[in-house]
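To start, the structure itself, in structure tokens.
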Number of protein chains: 2
Amino acid sequence: MTNCDHTLCKTSALKEAERVCEQLGARFTDQRRNVFEILWQSHKAMTAADIMNEMTNKQPPITYRALEFLKKSGLIHHVTSLNAYVGCIYAKDPNHIGQLLICTNCRDINEIEPKNAVSELIKAAKNQDFTPSLTHIEMLGICKTCNNATS
Amino acid sequence: MTNCDHTLCKTSALKEAERVCEQLGARFTDQRRNVFEILWQSHKAMTAADIMNEMTNKQPPITYRALEFLKKSGLIHHVTSLNAYVGCIYAKDPNHIGQLLICTNCRDINEIEPKNAVSELIKAAKNQDFTPSLTHIEMLGICKTCNNATS
DNA sequence: GCTTGCCTGTTAAAATTTAACACTTGCTAC
DNA sequence: GTAGCAAGTGTTAAATTTTAACAGGCAAGC
Ligand SMILES: [Zn+2]
Ligand SMILES: [Zn+2]
Ligand SMILES: [Zn+2]
Ligand SMILES: [Zn+2]
């Protein structure tokens, strides 16, 4: 997501977050907004500690509770291979499966949407009589920008 | 992997581990073997603590070092969404991408091999000029056995 | 105004992972 | 065979990450 109009990107994410909370009958409180805005400063993965350091109220439970809420609400993704977090750009679609291209050099994350890969996986799961509930797809590697920089 | 002849399964995994170490010019030491055999008692995900509890030498660094080695050597997978580990059944192929069906009820893991899903992902990555190095594909859900049990 | 449920603030503690460093072991070169 | 080296271990402790527990506050509905 290096080529986004990020001001716009962030604004619309905030709008979407408010809408989702409204719909869930939950509140988009100061703490939750604080975490959300910090994450949306960029598309880079941030650990809980990274986020906590930038928060107004820096106490661990505050941070973890907000992260937990945002994750459950589908507003952010937990990047399991880095144990970090990133804002979700498909929050509109609560059933989408996050497919993350994660740059190990700059930690920038590009969330893509190839339905094909997912449908192949679901097909394979069905073959094994496996009923999926939550899927993580994460590719670690080097992004376009970092690739160009080193060459 | 509920339908495997597990004695056989485990024996051949051990053979393979010895071969891989040989080839890497590394040693399959007592500690590494200890961790490996504990993991291969079943196809269930085990946390570092689970494993440590069953080891002869129960000191954290011993456990973590062995896990690190086995992971780097491609003999086990780190199951990032559970922060746990499981033996790899495709260790012969050092370049394969682990695709794990993880039962959240019994923690049993079925490693599958649909090349289609992977090739779709790689295609998508290429479209973004992203150079992948390590990919995690993990589906959490309910396995066949557990499904039948509850119905 | 009072209840009820959600959310916060605060203090600790538990769980997980890593650093540092001295020591041992197996191998190779002399 | 023995000196030197790299790989692996043992041990102590600390850093990092995550969670428990509980008291208090705030907003919406009766
Ligand atoms: Zn997403
Ligand atoms: Zn990058
Ligand atoms: Zn594997
Ligand atoms: Zn199961």
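Throughout, a chain's letter reflects where its sequence line sits, starting with A, and its residues are numbered from 1.
- For Thr47(B), the side chain to side chain contact (heavy atoms under 4.5 Å, CB included) partners are Ala49(B), Asp50(B), Ala84(B), Arg107(B), not counting sequence neighbours.
- The pair Lys71(A)-Glu68(A) meets the salt-bridge criterion, with a side-chain N (NZ, NE, NH1 or NH2) lying under 4.0 Å from an Asp/Glu carboxylate O.
- Contacts between residues 51-66 of chain A and DNA chain C, defined by a heavy-atom separation below 4.0 Å, involve Asn57(A), Gln59(A), Pro61(A), Ile62(A), Arg65(A), listed by number.
- More than 12 heavy atoms of other shown residues, nucleotides or ligands fall within 6.0 angstrom of atom CD in Gln41(A).
- Using a 4.0 Å cutoff on non-hydrogen atoms, no part of residues 72-87 of chain A comes near DNA chain C.
- Under the side chain to side chain contact (heavy atoms under 4.5 Å, CB included) criterion, Arg19(A) pairs with Glu16(A), Gln23(A), not counting sequence neighbours.
- Residue Lys58(A) places its NZ atom among more than 12 non-hydrogen atoms of other residues, nucleotides or ligands, all under 6.0 Å distant.
- If you take CG of Asp50(B) and P of dT17(C), they are 11 Å apart, rounded to a whole angstrom.
- If you check residues 24-38 of chain B against DNA chain D, the residues with a heavy atom closer than 4.0 Å are Ala26(B), Arg27(B), Thr29(B), Gln31(B), Arg32(B), listed by number.
- Through direct or relayed side-chain contacts under 4.5 Å between Ile, Leu, Val, Met, Phe, Trp and Tyr, Val118(A) connects to Ile97(A), Leu101(A), Ile112(A), Leu121(A), Ile122(A), Phe130(A), Ile137(A), Met139(A), Ile97(B), Leu101(B), Ile112(B), Val118(B), Leu121(B), Ile122(B), Phe130(B), Ile137(B), Met139(B).
- Residue pairs meeting the ring pair (Phe, Tyr, Trp, His ring centres under 6.0 Å) criterion with at least one partner in residues 86-113 of chain A, sequence neighbours excluded, are His77(A)-His96(A), Tyr90(A)-His96(A).
- Residue pairs meeting the salt bridge (charged side-chain N to carboxylate O under 4.0 Å, His left out) criterion with at least one member in residues 23-35 of chain B, sequence neighbours excluded, are Glu18(B)-Arg33(B).
- Partners of Pro60(A) under the side chain to side chain contact (heavy atoms under 4.5 Å, CB included) rule, at least two apart in sequence or in another chain, are Met52(A), Tyr64(A).
- For DNA chain D, the outermost nucleotides in 5' to 3' order that have an atom under 4.0 Å from a heavy atom of chain A are dT17(D) to dA27(D).
- Shown here for Phe36(A) and Ala17(A), the closest heavy-atom pair between the two residues is CZ-CB, 3.8 Å.
- Screening residues 124-143 of chain A for side chain to side chain donor-acceptor pair (under 3.5 Å) gives Thr80(A)-Glu138(A), Ser81(A)-Glu138(A), Gln128(A)-Asn110(B), Thr131(A)-Asn147(B) as the qualifying pairs, with residues at least two apart or on separate chains.
- Not counting sequence neighbours, the partners of Glu113(A) by the salt bridge (charged side-chain N to carboxylate O under 4.0 Å, His left out) test are Lys115(A).
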